[in-house]
Amino acid sequence: MSESEHAGSPGPAGRPAPRAVRAIDPSQLPKHFDATAVAERWDRFWQEEDVYRWDPSRARAETFVVDTPPPTASGSLHIGHVFSYTQADVVVRFKRMTGMNVYYPMGWDDNGLPTERRVQNYYHVRCDPNTPYEPGLRLEQANAETRKKPARLVSRPNFIEACFDLIKEDERAFSVLWHRLGLSVDWQLEYQTIDDHCRRIAQRSFLDLWNKGHVYTSEAPMMWDVDFQSAIAQAEIEDKPVPGAFHQIEFAVEGGDRIVIATTRPELLPACVGVTAHPDDPRYKPFFGKRAITPLFRAPVPIFPSELADPEKGTGILMVCTFGDQTDVQWWRTQGLALRQVVGLDGRLRPVDFAAAPYESLDVAKANAAYAELVGKTVKQAQARIVEMLRDPAGSATGGGAPLVRDPEPIQHSVKFYEKGDRPLELLPTRQWFCRLLDHKSELIAKGEEVEWHPAHMRARFRDWTENLSLDWCLSRQRYFGVPIPVWYPLDAQGRPDYDRPIVAEAEAMPVDPTTDVPKGYTAAQRGAPGGFVGDPDVFDTWFTSSLTPQISSHWSVDPARHAKLFPADVRPQGHDIIRTWAFYTIAKALLHENTVPWHHALISGWILDPDRKKMSKSKGNVMTPLPLIETFGADAARYWAASARLGADTAFDENVFKVGKRLVTKVFNAAKFVLALPADDAPVTHELDRAFVGELRALVESVTQSFEAYQYAHALQETETFFWTRFTDTYLELTKVRARGEGTGTSRGRGAAEADLASGSAIAALRLGLSVLIRLLAPVLPFITEEVWSWSFAAEHAAAAGDGSASRSVHRAPWPAPPELARVAPPDEASSFEIAIAALAAINKAKADAAVSMGREVDRLVLQASEATLAVFSGVRADVLAAARVDHCEAEPSGTLGDGAFAIRSIEFAERPAAG
RNA sequence: GGGGCGUUAGCUCAGUUGGUAGAGCACCGUGUUCACACCGCGGGGGUCACUGGUUCGAGUCCAGUACGCCCCACCA
């Protein structure tokens with residue numbers, strides 16, 4: 001709506017000369033505010049006007065860098081996204097209005113397991129590197145029918161293409177939400193963690209770590225997900241309670257004795273390499289140094305003492321397998337035990353021959369026959385089968401009864417899972433790349449201390465995790481849709497890779513794909529040939545790339561000038577659930593690369609809980625999709641809800657808060673419509689009540705600004721909202737309505753027209769100032785309604801004031817309200833004028849309510865009581881109060897009993913009610 | 001077992017450095033053509049989880065207890 005300029009509007013007679021006045025014509029505005037209708041228009045305006053554009057030419061000191069979380073695009077849209085991204089956006093919008101040059105990118109974390117898993121499910125396919133590439137292959141979404149068949153095997157390039165196809169869709173869905181929500185990101189800074197730029201940065205990160213000696217490759221037992229067939233890092237492990245059972249199994253001891261071990265994993269019996277008990281346990285002391293014979297497989301294994309064995313658990317003696325758990329790994333290492341791996345990478349028992357080392361048996365034929373029953377079975381199937389076999393006395397190693405000495409005793413125990421996996425992790429020896437972190441614990445902790453965490457107690461989570469770290473970071477994943485590890489291995493004369501002399505790609509060549517690119521000094525023909533080379537087939541853990549988001553933004557290793565300007569970043573917004581991963585790895589990278597923090601502030605948002613205070617999750621089926629809520633209540637209302645919760649506070653979902661937000665939006669719309677329709681003519685703010693109001697406004701601005709500076713946006717919103725309702729619309733606006741319209745009743749009637757005109761101008765100027773300030777204070781939370789209202793009049797005024805056309809028309813680039821702007825208005829004669837006026841009006845309104853008459857009912861005669869001091873202040877605002885309360889005649893009586901600021905109504909006489917019609 | 005957070009009105013939550021308990025919603029009453037029924041005004045409603053301590057004074061500080069949530073460790 002354009003502002004209507006008109007001169008000489010009908011005013012009081014006797015006006016000296018027609019003055020130029022500005023006012024909007026409210027009849028041209030819609031009767032009700034429709035949030036959905038304006039959302040798209042303003043989003044387009046912001047994009048076209050480059051309102052959120054980062055200016056690379058401005059200095060670091062004026063720049064505010066946001067390390068935006070790149071959402072996992074393959075994850076489903078969740079109301080929690082609205083919650084946390086809005087909280088960051090509110091902070092960002094405040095910074096932008098204070099004049100900062102904001103760097104606010106949006107990336108999509110599309111590389112990695114979640115995308116692969118989604119592709120696998122969506123198309124019902126599996127990647128098979130041995131399948132030949134099919135150019136132009138178009139996959140269809142799987143239906144109930146095709147899902148019954150085994151998953152289709154597709155080549156690695158086809159699989160990767162399918163990933164790219166699907167993430168395009170997913171990223172569009174997120175993008176729509178972000179626009180709809182009004183996130184003020186600079187869309188020119190959009191990236192994908194799988195794109196060339198990110199791959200280059202990630203590979204150069206690896207190169208830098210390699211050059212500094214921070215990464216190494218080694219073959220060791222690692223947590224392995226048998227479904228995804230990949231190693232998993234400590235940070236991705238989650239404990240889940242699952243039902244299991246204790247099995248008591250009898251072993252023979254050389255020399256004729258017998259022992260009974262307890263285990264939850266009988267299927268690992270063929271992988272048994274030792275037996276151990278506590279050194280002081282009298283039951284087992286005699287056996288140390290002897291060998292035990294396993295049932296079924298008749299393998300002799302050493303019995304050794306270990307402090308780690310707990311006499312209280314099970315039977316006090318246990319079998320050591322390769323590998324049941326982390327302690328097994330420890331015993332295997334310290335005792336120099338054999339490596340008898342029976343679980344394969346696919347989670348099934350692999351073929352082994354007990355005639356050949358490292359396997360061993362006193363009765364090879366029997367052992368192989370027993371194992372033949374298990375081979376090819378999943379761990380779970382093998383467990384069921386072996387329990388049956390253990391019930392058979394034929395399997396006994398002691399020559400006695402069945403090896404299973406009693407029925408399995410069901411228990412509930414927690415087992416390690418990949419956080420996104422469905423089956424328990426296995427510990428399998430594989431070759432992996434690692435980053436040294438254990439050597440840097442104290443430095444990591446120190447960097448964590450350097451970061452300012454909001455809320456502060458989140459620092460403890462980082463410290464606790466870092467202190468308890470027990471493994472180096474496993475960087476490699478045996479997956480496909482990720483950043484390739486930029487390494488080849490030379491092949492010796494027999495064609496065996498030399499893992500001790502990896503060939504790391506050169507910085508200039510990055511990004512490389514070692515499965516197709518050729519290392520310097522070799523030819524393509526030498527791939528796989530003796531004396532040639534082989535590419536590392538693995539990709540990086542996705543965190544290896546996403547831990548570089550600050551460097552991805554700053555173009556580390558690519559553009560030093562830009563890097564210096566954008567790194568370290570100012571803020572990292574993120575959830576508390578990924579402190580141990582994203583925050584931790586990002587801090588680690590910044591430490592190892594440049595010995596610095598990656599950002600100065602970590603803004604940790606809480607979770608959305610369902611109304612029963614349970615965490616929302618897909619598996620519980622209690623997730624809420626955000627778009628319907630935004631359609632119902634409007635984006636501003638959704639943002640109001642998100643901005644009402646403090647950083648770090650887990651918050652129960654409450655639709656009522658959306659309603660309150662929507663109500664606020666409507667009120668802003670209506671109040672603005674009213675204020676801006678009053679004819680404004682640049683009159684000074686001179687009236688006592690107006691100056692008192694501006695004084696309150698100034699205190700509000702100072703307090704709200706302070707809150708925002710401390711990232712306490714929820715507090716700032718609360719204060720602003722309270723002021724808006726209780727100090728602006730319900731009070732100041734009501735108190736000045738009559739005077740602003742140039743009407744006036746009661747005692748103000750006798751004035752000269754010019755004086756009335758001036759008084760009216762003062763009220764209008766203060767109302768507009770109040771509105772302008774409040775709009776701007778609310779703009780970070782309510783970008784749509786504030787932009788709408790701002791456009792009616794203030795946008796043009798600001799542009800005109802700037803003169804050179806440099807001022808943006810957007811409220812989101814308008815200057816944040818500051819004391820100097822308000823200092824142009826002189827302070828009131830009495831600091832309490834505003835409070836006294838409100839108290840007097842409230843007292844009269846209460847008298848009306850008690851008498852059950854309309855607030856608008858005219859009062860013929862009123863006797864008001866208050867203390868002497870209060871009445872003295874009251875005299876300065878009396879005309880406004882009486883006009884607002886529609887009092888024709890008022891007598892003020894001093895009271896000795898009322899405290900300062902209190903009013904009492906001694907008598908009130910209402911005018912005759914005007915005839916209806 | 002170690003650590004973190006929380007417990008304030010029926011609900012969702014504020015309560016700065018200790019100084020007479022707050023808001024919104026809901027509820028009850030009431031009014032309302034004059035920016036706004038997506039409204040106004042008024043009202044009821046709390047032993048601040050519990051027990052001790054410090055203090056003239058504790059929702060606030062200290063110690064402990066209970067309950068809830070989360071993280072870590074252990075999980076033969």
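These values consider heavy atoms only, across backbone and side chains, with no hydrogens, waters or symmetry-generated copies. Model, not experiment: these values are computed from the prediction. In what follows, every chain begins at residue 1, and chains take the letters A, B, ... in the order their sequences are listed.
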Please state how far atom [atom1] in [X] lies from atom [atom2] in [N], giving the value in whole angstrom units.
X	N	atom1	atom2	value
Lys416(A)	A73(B)	NZ	P	6 Å
Leu774(A)	A35(B)	CG	P	19 Å
Asp325(A)	C74(B)	CG	P	9 Å
Phe658(A)	C25(B)	CZ	P	17 Å

Tell me whether the OP1 or OP2 atom of [N] has a side-chain N or O from [X] closer than 4.0 Å.
X	N	answer
Thr327(A)	C75(B)	yes
Lys737(A)	A35(B)	yes
Lys848(A)	G42(B)	no

| field | Lys667(A) (side chain) and C36(B) (base): donor-acceptor pair under 3.5 Å | value |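 Per atom types, the contact qualifies.
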On a whole-Å scale, what distance lies between the [atom1] atoms belonging to [N] and [M]?
N	M	atom1	result
G64(B)	G3(B)	P	10 Å
A26(B)	C67(B)	C1'	26 Å
G22(B)	G43(B)	P	13 Å
U60(B)	G15(B)	C1'	9 Å
C48(B)	G19(B)	P	16 Å

Name the pairs: protein N/O against N/O of nucleotides 20-24 of chain B, kept only if under 3.5 Å.
none

| query | Does the distance from a Lys or Arg side-chain N to an Asp or Glu carboxylate O, for Lys441(A) and Glu467(A), drop under 4.0 Å? | reply |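 Salt bridge absent between Lys441(A) and Glu467(A).
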| request: Before accepting this row, confirm whether a basic side-chain N of the pair Glu419(A)/Lys240(A) lies closer than 4.0 Å to the acidic partner's carboxylate O. | output: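 Lys240(A) and Glu419(A): not salt-bridged.
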| With sequence neighbours left out, which residue pairs that include part of residues 259-275 of chain A fulfil the salt bridge (Lys or Arg N to Asp or Glu O under 4.0 Å) condition? |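 Of all non-adjacent pairs touching residues 259-275 of chain A, those that pass salt bridge (Lys or Arg N to Asp or Glu O under 4.0 Å) are Arg265(A)-Glu267(A), Arg265(A)-Glu426(A).
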What's [X] touching, base or sugar-phosphate or nothing? Going by heavy atoms closer than 4.0 Å.
X	answer
Glu467(A)	nothing
Ala677(A)	nothing
Asp239(A)	base
Leu733(A)	base
Phe669(A)	nothing
Trp725(A)	sugar-phosphate

| message | If the condition is side chain to side chain donor-acceptor pair (under 3.5 Å), which residues does Asp472(A) pass it with, not counting sequence neighbours? | response |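 For Asp472(A), the residues satisfying side chain to side chain donor-acceptor pair (under 3.5 Å) (neighbours in sequence not counted) are Tyr216(A).
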| said: I'd like to know whether the aromatic ring centres of Phe658(A) and Phe653(A) sit less than 6.0 Å apart in this structure. | reply: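 Distance test on ring centres: under 6.0 Å, yes.
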| task | For the pair Ser793(A) and Arg768(A), evaluate side-chain hydrogen bond (donor to acceptor under 3.5 Å, both in side chains) and give the outcome as yes or no after the intermediate values. | result | CA-CA 10 Å; Ser793(A) 182; Arg768(A) 288 177 74 104; 2.7 Å; yes
| query | When rounded to the nearest 0.5 angstrom, what distance separates CG in Leu427(A) from CE in Met223(A)? | reply |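 So the gap between those two atoms works out to 4.5 Å.
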